[in-house]
Number of protein chains: 2
Amino acid sequence: MLETIVERLQEAGHRLTKPRMAVLQVLETGGEHLSPAEILARGQAIYPALSRATVYRTLELLSELGLLRLIHPGEQRSSVACVAMHHHGHHHLLCIHCGCMIPFEECVVGELEATLSQRLGFEIKGHLLEFYGLCKECRGHQKVEQ
Amino acid sequence: MLETIVERLQEAGHRLTKPRMAVLQVLETGGEHLSPAEILARGQAIYPALSRATVYRTLELLSELGLLRLIHPGEQRSSVACVAMHHHGHHHLLCIHCGCMIPFEECVVGELEATLSQRLGFEIKGHLLEFYGLCKECRGHQKVEQ
DNA sequence: GCATTAATTGAGACTTTGTCTCAATTATAT
DNA sequence: ATATAATTGAGACAAAGTCTCAATTAATGC
Ligand SMILES: [Zn+2]
Ligand SMILES: [Zn+2]
Ligand SMILES: [Zn+2]
Ligand SMILES: [Zn+2]
């Protein structure tokens, strides 16, 4: 997986620097829900001089290449850089009370994607399907608390 | 529509203050893609003393009541408080190059929603389906620019 | 290997977003 | 009208994200 990304970077004429490689390593092993701040922290464990600017620059670069997708950037609490490098689409449930995320695999948008793409002349690179509501736990709490 | 919201607010025991009404008015007329900053600016045109804190507090209140949903908060450029007070679900295409958003109406998640809800014990209140890629215009540009 | 060169980097100033506290205001019920 | 508790604005604060610029470094050709 990392190799694919590295290839695509080089194809597009970008350098393979140490700070970049550190970010990529973090992304590869860190799952799909890391915040930029977390990526920075983990990246500095690999390459201590890594700077915030470089994290953002690298994320932007990968976004432009269609290799990942930032979801809900900026949220202070549950800030999530949702990395969808493994799939074309990304799917989860999000609890609006505790902020937990539960991913799921089913994808039901294939046909719709084709329709929209044709109708609107849009070149679709991926998608995000997010359900939001109350998770099993928060569903119980909610009534007691309020 | 505004009346429904006002009713629900009062039912839940919240006051009908001027700053709140200003925010509601903005939301009603401003479409579904306003950022908190835009809501503040437009709100101050109606009620000049309106403060940022109140905008956020009102948005949070409405979220808790399930009346709207913030999407991608915090993004500096295309910051979007996606107000989905009109529908259970919200659907759009997002251009990763120019940031434009094209809404669409088709909803294909009904069955999946039921399945997931049952399987995971999640009380689903709404959903966001977002396709991302290049819009018609940017699709052309892209090659020229780069 | 070594030099050249243009891409990339880190530092840190800066802007914007979002949160919090507290004293002053105000909607509501009586 | 008064009492009371919710709500407010101001402004301090914290965190996220952007930008500039001089210094570094990966790639290319020798
Ligand atoms: Zn996710
Ligand atoms: Zn929860
Ligand atoms: Zn939308
Ligand atoms: Zn576009």
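These numbers come from a predicted model, not from an experiment. Sequence lines set the chain letters: A, B, ... in the order given, protein chains first and strands last, and positions in each chain run from 1. These values consider heavy atoms only, across backbone and side chains, with no hydrogens, waters or symmetry-generated copies.
Atom pair B:Y47:OH and D:dT7:P shows a separation of 14 Å (rounding to whole Å applied). The CG atom of B:L40 sits 12 Å away from the P atom of C:dG18 (whole-angstrom rounding). Straight-line distance from the CE atom of A:M21 to the C1' atom of D:dT25: 16 Å, rounded to whole Å. Residue A:Y56 contributes atom OH, which lies 18 Å from atom P of D:dT20 at whole-angstrom precision. Rounded to a whole Å, the CG atom of B:L50 is 9 Å from the P atom of D:dT8. Remark: P of D:dG17 and CD of A:E38 are 12 Å apart, rounded to the nearest angstrom. One atom, CD of B:E60, and another, P of D:dT7, lie 12 Å apart when rounded to the nearest Å.
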### Task
Please report the C-alpha distance between A:R42 and A:L34 in whole Å, then the side-chain angles of each, then the deciding distance to 0.1 Å, and finally whether the side chain to side chain contact (heavy atoms under 4.5 Å, CB included) criterion is met.
CA-CA 10 Å; A:R42 296 192 190 191; A:L34 293 170; 3.6 Å; yes

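Of all nucleotides listed (D:dT7, D:dG9, D:dA16), D:dT7 comes nearest to the side chain of B:R20. When distances are taken from the side chain of A:T54 to each of D:dT18, C:dG10, D:dT8, the shortest belongs to C:dG10.
Remark: B:E113 pairs with B:H88 by the side-chain hydrogen bond (donor to acceptor under 3.5 Å, both in side chains) rule, at least two apart or across chains. For B:E106, the side-chain hydrogen bond (donor to acceptor under 3.5 Å, both in side chains) partners are A:R119, not counting sequence neighbours. A:L16 pairs by the side chain to side chain contact (heavy atoms under 4.5 Å, CB included) definition with A:V6, A:L9, A:Q10, A:M21, not counting sequence neighbours. For B:R8, the side chain to side chain contact (heavy atoms under 4.5 Å, CB included) criterion is met by B:L67, not counting sequence neighbours.
Going from atom CZ of A:R139 over to atom CD of B:E123 covers 5.0 Å, rounded to the nearest 0.5 Å.
Axis orientation changes by 50° from one end of the helix from C:dG1-D:dC30 to C:dT30-D:dA1 to the other, with each end axis drawn from 5 pairs and the value rounded to 10°.
In terms of modelled atom types and a separation under 3.5 Å, the side chain of B:E130 and the main chain of A:L128 share no donor-acceptor contact. Remark: side-chain polar atoms of B:R20 are paired, donor with acceptor, to backbone N or O of B:R15 under 3.5 angstrom.
Taking only distance into account, the side chain of B:R57 meets the base of D:dG9 through a donor-acceptor pair shorter than 3.5 Å. For A:R52 and D:dG17, a side-chain-to-base donor-acceptor distance below 3.5 Å is present, hydrogens and geometry of angles not being considered.
Within the 4.5 Å cutoff, the side chain of A:L27 has heavy atoms near those of the A:L62 side chain.
Checking A:V55 against B:A53, the closest nucleotide of DNA chain C that is more toward the 5' end is the one next to A:V55.
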What N/O pairs connect the protein and nucleotides 26-30 of chain D at under 3.5 Å? Give each pair on its own line.
from: D:dA26; atom 1: N3; to: A:R15; atom 2: NH1; distance (Å): 3.4
from: D:dA26; atom 1: N3; to: A:R15; atom 2: NH2; distance (Å): 3.3
from: D:dA27; atom 1: OP1; to: A:L16; atom 2: N; distance (Å): 2.9

